[in-house]
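Every heavy atom of this structure was used, including side-chain atoms; hydrogens, water molecules and symmetry mates were not.
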Amino acid sequence: GNPVSFTNVRHPFERLVSGYLMFVYHFEPFKNKTFDQFITEEILKKANASQPKKTFLAMNNHFRPTNAYCAFCNINYTVISKMETFNEDSLRIKEILDLEHGVKMEQLNMYGGNKIGNTTKELFKNIAEDIKIELVELYKYDFAMFDYDANLY
């Protein structure tokens with residue numbers, strides 16, 4: 001049959017919060033960083049230091065804008081799944097692959113689900129407007145390509 005390709009995306013700000021939580025709880029150098037410090041030092045400072053800008057190589061690969069990989073330009077994905085609809089999307093992927101419904105597709109990220117939206121709102125309410133504007137600019141293609149609301153948080 002035809003090859004099947006799929007990927008999973010999520011709201012850029014939720015991805016940042018999820019990554020922050022993972023880093024702050026699991027990696028010693030991040031244990032005492034506030035979310036604001038994480039955004040300014042780990043995200044924006046490294047994004048601005050990246051040359052060339054379109055690849056963002058100075059950034060941790062978990063936080064690079066998705067267009068930095070250019071896979072979305074070069075691969076005609078069968079399914080682009082969203083973290084918010086993971087369960088429904090995994091059913092669709094299983095149908096396309098003709099897998100039994102008993103085959104479990106596991107969501108590995110521990111900082112997902114419904115709680116991440118509330119946590120993102122909570123952490124972003126203390127982020128200065130100029131920082132949010134920089135983040136929206138950094139992730140502008142993620143917002144556009146995957147129809148995410150840049151003003152949600």
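Lys82 places a side-chain N or O within 3.5 Å of a backbone atom of Phe146 that can act as its donor or acceptor partner. No side-chain donor-acceptor contact under 3.5 Å links Arg15 to the backbone of Pro65. Distance alone, capped at 3.5 Å, places no donor-acceptor pair between the Lys132 side chain and the Ala150 backbone. In this structure, Lys46 contributes its side chain and Asn60 its backbone to no donor-acceptor pair below 3.5 Å. Between the side chain of Thr85 and the main chain of Glu88, no donor-acceptor pair closer than 3.5 Å is present. At distances below 3.5 Å, at least one donor-acceptor pair connects side-chain atoms of Asp142 with backbone N or O atoms of Thr66.
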Next on the checklist: Before you tell me yes or no, could you show the steps for Ile116 and Val17 under side chain to side chain contact (heavy atoms under 4.5 Å, CB included), namely the whole-Å CA-CA distance, both residues' side-chain angles and the distance that decides it to 0.1 Å?
Outcome noted: CA-CA 8 Å; Ile116 197 67; Val17 168; 3.7 Å; yes
Next on the checklist: Determine whether Met22 and Phe27 satisfy the following criterion, side chain to side chain contact (heavy atoms under 4.5 Å, CB included), listing intermediate values before the conclusion.
Outcome noted: CA-CA 8 Å; Met22 182 186 74; Phe27 297 102; 4.3 Å; yes
Next on the checklist: Let's go through Glu122 and Lys125 carefully: what are the C-alpha distance in whole Å and the side-chain angles of both, what is the deciding distance for salt bridge (charged side-chain N to carboxylate O under 4.0 Å, His left out) to 0.1 Å, and is it a yes or a no?
Outcome noted: CA-CA 6 Å; Glu122 189 64 29; Lys125 76 179 182 184; 3.1 Å; yes
Checklist entry - How far apart are the C-alpha atoms of Glu137 and Lys140, what are their side-chain angles, what is the distance that settles it, and do they pass the salt bridge (charged side-chain N to carboxylate O under 4.0 Å, His left out) test? => result CA-CA 5 Å; Glu137 178 63 23; Lys140 66 184 172 190; 2.8 Å; yes
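Between Met83 atom CE and Ser18 atom OG the span is 6.5 Å, to the nearest 0.5 Å. Leu123 contributes atom CG, which lies 6.5 Å from atom CG of Leu21 (distance to the nearest 0.5 angstrom). Distance check: Phe23 CZ to Lys31 NZ gives 12.0 Å after rounding to the nearest 0.5 Å.
With 3.5 Å as the limit, one finds no donor-acceptor pair spanning the side chains of Arg64 and Ser50.
A 6.0 Å sphere centred on OH of Tyr141 holds no more than 12 heavy atoms belonging to other residues, nucleotides or ligands.
Of all heavy-atom pairs between Leu138 and Met59, the closest is CD2-CE, 4.2 Å. Looking at every heavy atom in both residues, Asn76 comes nearest to Ser5 through O-OG, 3.4 Å.
Residues Val79 and Arg92 have side chains in contact (heavy-atom distance under 4.5 Å, counting atoms from C-beta outward). At least one side-chain heavy atom of Leu135 sits under 4.5 Å from a side-chain heavy atom of Leu16. Using a 4.5 Å heavy-atom threshold, the side chains of Asn48 and Glu134 count as touching.
Only one option out of Val136, Ile43, Asn126, Leu44 pairs with Ile131 in a side chain to side chain contact (heavy atoms under 4.5 Å, CB included); it is Leu44.
Taking hydrophobic clusters as Ile, Leu, Val, Met, Phe, Trp and Tyr residues chained together by side-chain heavy-atom distances below 4.5 Å, Ile133 does not share a cluster with Phe56.
Qualifying ring-ring contact (aromatic ring centres under 6.0 Å, His included) partners for Phe143, counting only residues two or more places apart in sequence or in other chains: His11, Phe13.
The aromatic ring centroids of Phe38 and Tyr20 lie less than 6.0 Å from each other. For an aromatic pair to be called close, the ring centres must be under 6.0 Å apart, and Tyr139 with Phe63 fails this.
Within the structure, side-chain hydrogen bond (donor to acceptor under 3.5 Å, both in side chains) pairs that include any residue of residues 144-153 comprise Glu14-Tyr153, Glu84-Tyr148 (at least two apart or interchain).
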